[in-house]
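Heads up, the thing below is written out as structure tokens.
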Amino acid sequence: ETSGGSGGTSGGTSGGGELEQLWRQYRAFELPAYPLPAMSASVAAGMTPRPLPREVLRDVKWGRRLLVALLASLALAGGAGVMWWFETFPYAGLAAVLGLNLAVVFAAMWSVIQINARATQEMRSRRQLYRNRSRTVNDFVHRWKSDEQAYQDAVQRWLDRAERLRDNFTAVRNTREQESHNIESVRRQAQLDAFLRDFPVDAQAFADFTPAQLMLLRSYGVQTACDVTAEAIAQLPQREQALGESLMHWRVRLEGEFHFDPSKPTTSSVATRADLHFAQSAQQVLAELRLGLDELDKVRSDAAAHFARQHDAAHELWLDYSQAKVDSTIEL
């Protein structure tokens with residue numbers, strides 16, 4: 001591990017700068033509003049009803065004529081009947097019979113036209129088409145609003161995901177920083193141990209120790225200043241505790257002479273593994289955030305294309321609806 005172990009988690013190598021840049025892009029992202037196209041009732045006011053089919057017009061015309069003739073025949077029969085009753089006109093009875101016969105003929109012909117009822121069928125068809133167009137318009141409005149909400153939801157899902165990724169990144173970075181502090185302590189301890197191992201417990205360091213005492217210390221594993229610990233000293237026989245105190249004072253003095261070198265490499269791979277893990281996590285988060293921005297751009301372009309098509313469709317749909325409305329109000 002090199003000295004950059006803890007420093008590698010800051011600045012550009014940590015991805016923190018790019019993370020904040022990407023996060024600002026997320027915060028600035030906004031899906032344009034797509035208001036429903038205006039559907040004015042004035043459109044129908046400028047339209048004229050589609051003309052009725054020729055056969056329907058013919059039926060309507062003849063139906064009116066026959067109805068007038070039927071009423072005239074009934075009037076003739078009624079008037080002649082009155083004159084016949086009061087004997088005011090010699091041919092009144094004949095006229096009454098003639099009027100009744102004509103009324104029967106005209107009624108039969110009028111009934112044939114009404115039974116055929118092409119005009120009625122035409123108007124029923126027009127009213128049904130108007131109802132269908134009304135439902136289609138309502139469905140279109142509902143679908144427009146539903147589609148708009150769906151695009152907004154898609155954007156919000158990516159924004160929520162980006163926030164979770166940012167929080168995860170921050171948590172991983174905080175954990176790495178804590179690990180860096182711990183690793184720094186480990187690296188310092190490793191350098192201190194290496195420094196202390198350069199000072200053997202021997203007659204040169206302790207001229208007042210007897211050979212027997214030095215042998216006793218070696219038997220307990222105390223061979224260098226690094227081995228002089230409270231645990232090791234506690235294992236010494238009670239009669240040799242004075243040796244332990246001398247050793248502990250010696251170690252403290254040596255530690256005071258120690259200087260930690262943060263640039264000095266160590267043999268530990270803990271920091272290297274931690275740095276690699278953090279770097280991999282950071283790159284994964286950044287990659288997902290970049291992908292999210294691409295997806296947001298795609299949502300925006302898809303929405304723009306979709307509502308452009310729907311806007312054109314709305315215009316055609318409203319024209320069809322308005323025409324059907326006008327056609328259904330025609331007077332026969």
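Given the structure is predicted, the values throughout are model-derived calculations rather than measurements.
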What verdict does the side chain to side chain contact (heavy atoms under 4.5 Å, CB included) test give for Q310 and R143, after you've listed the backbone C-alpha separation in whole Å, the side-chain angles of each residue and the deciding distance to 0.1 Å?
CA-CA 10 Å; Q310 292 298 93; R143 189 166 59 252; 4.3 Å; yes
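- Of all heavy-atom pairs between V285 and L165, the closest is CG1-O, 3.7 Å.
- In terms of heavy-atom proximity, F29 sits nearest to L296 at CZ-O, 3.4 Å.
- Considering only heavy atoms from C-beta on, F169 stays 4.5 Å or farther from L289 through its side chain.
- With Q191 contributing its side chain and D261 its backbone, the two residues share a donor-acceptor pair below 3.5 Å.
- Between F260 and F258, the two ring planes are tilted [angle within 30° to 60°].
- Looking at Q241, its side chain never comes within 3.5 Å of a backbone N or O of Q238 through a donor-acceptor pair.
- Between L217 and L236, the closest side-chain pair of non-hydrogen atoms falls below 4.5 Å.
- Few gaps surround CD on E257; more than 12 heavy atoms of other groups in view lie less than 6.0 Å from it.
- Note: K325 NZ to R131 CZ = 15.0 Å, rounded to the nearest 0.5 Å.
- Side chain of R127 to backbone of S328: no donor-acceptor contact under 3.5 angstrom is found.
- In this model, a donor atom of one side chain and an acceptor atom of the other lie less than 3.5 Å apart for N132 and R135.
- For the atom pair CG (L293) and CD (E295), the distance works out to 10.5 Å, reported to the nearest 0.5 Å.
- E148 CD to Q152 CD: the interatomic distance, rounded to the nearest 0.5 Å, is 6.5 Å.
- Centroid-to-centroid, the aromatic rings of Y321 and Y130 come within less than 6.0 Å.
- For W250 against V228, the heavy-atom pair with the smallest separation is CZ3-CG2, 4.3 Å.
- Here the straight-line distance linking atom CG of L319 with atom CZ of R133 works out to 11.0 Å at 0.5 Å rounding.
- A donor-acceptor pair under 3.5 Å links the side-chain atoms of D227 to the main chain of T224, judged by distance alone.
- Expressed to the nearest 0.5 Å, how far CD of Q204 lies from CZ of F209 amounts to 14.5 Å.
- Residues L247 and F206 approach most closely at CD2-CZ, 3.5 Å, considering heavy atoms.
- Ring pair W144/F307 is tilted by interplanar angle, where 30° to 60° counts as tilted.
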Derivation of the side chain to side chain contact (heavy atoms under 4.5 Å, CB included) call for V222 and R218:
CA-CA 5 Å; V222 181; R218 283 196 295 272; over 6 Å; no
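- The two residues A314 and P37 make their nearest non-hydrogen contact at CB-CG, 3.7 Å.
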Apply the test salt bridge (Lys or Arg N to Asp or Glu O under 4.0 Å) to residues D297 and R300: give CA-CA distance (whole Å), side-chain angles for both, the deciding distance (0.1 Å), then the verdict.
CA-CA 5 Å; D297 287 338; R300 180 160 48 193; 2.9 Å; yes
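- Nearest heavy atoms, P237 versus Y220: CD-OH, 3.8 Å.
- No donor-acceptor pair closer than 3.5 Å links the side chain of R166 to the backbone N or O of W23.
- Under the 4.5 Å side-chain heavy-atom criterion for ILVMFWY residues, no single connected hydrophobic cluster contains both L196 and V252.
- A salt bridge is defined here as a Lys NZ or Arg NE, NH1 or NH2 lying under 4.0 Å from an Asp or Glu carboxylate O, and R24 with E20 fails to meet this definition.
- Counted within 6.0 Å of CZ on R290, heavy atoms from surrounding residues, nucleotides or ligands total more than 12; the atom is thus considered enclosed.
- In this structure, R239 CZ and L216 CG are separated by 7.0 Å, a value rounded to the nearest 0.5 Å.
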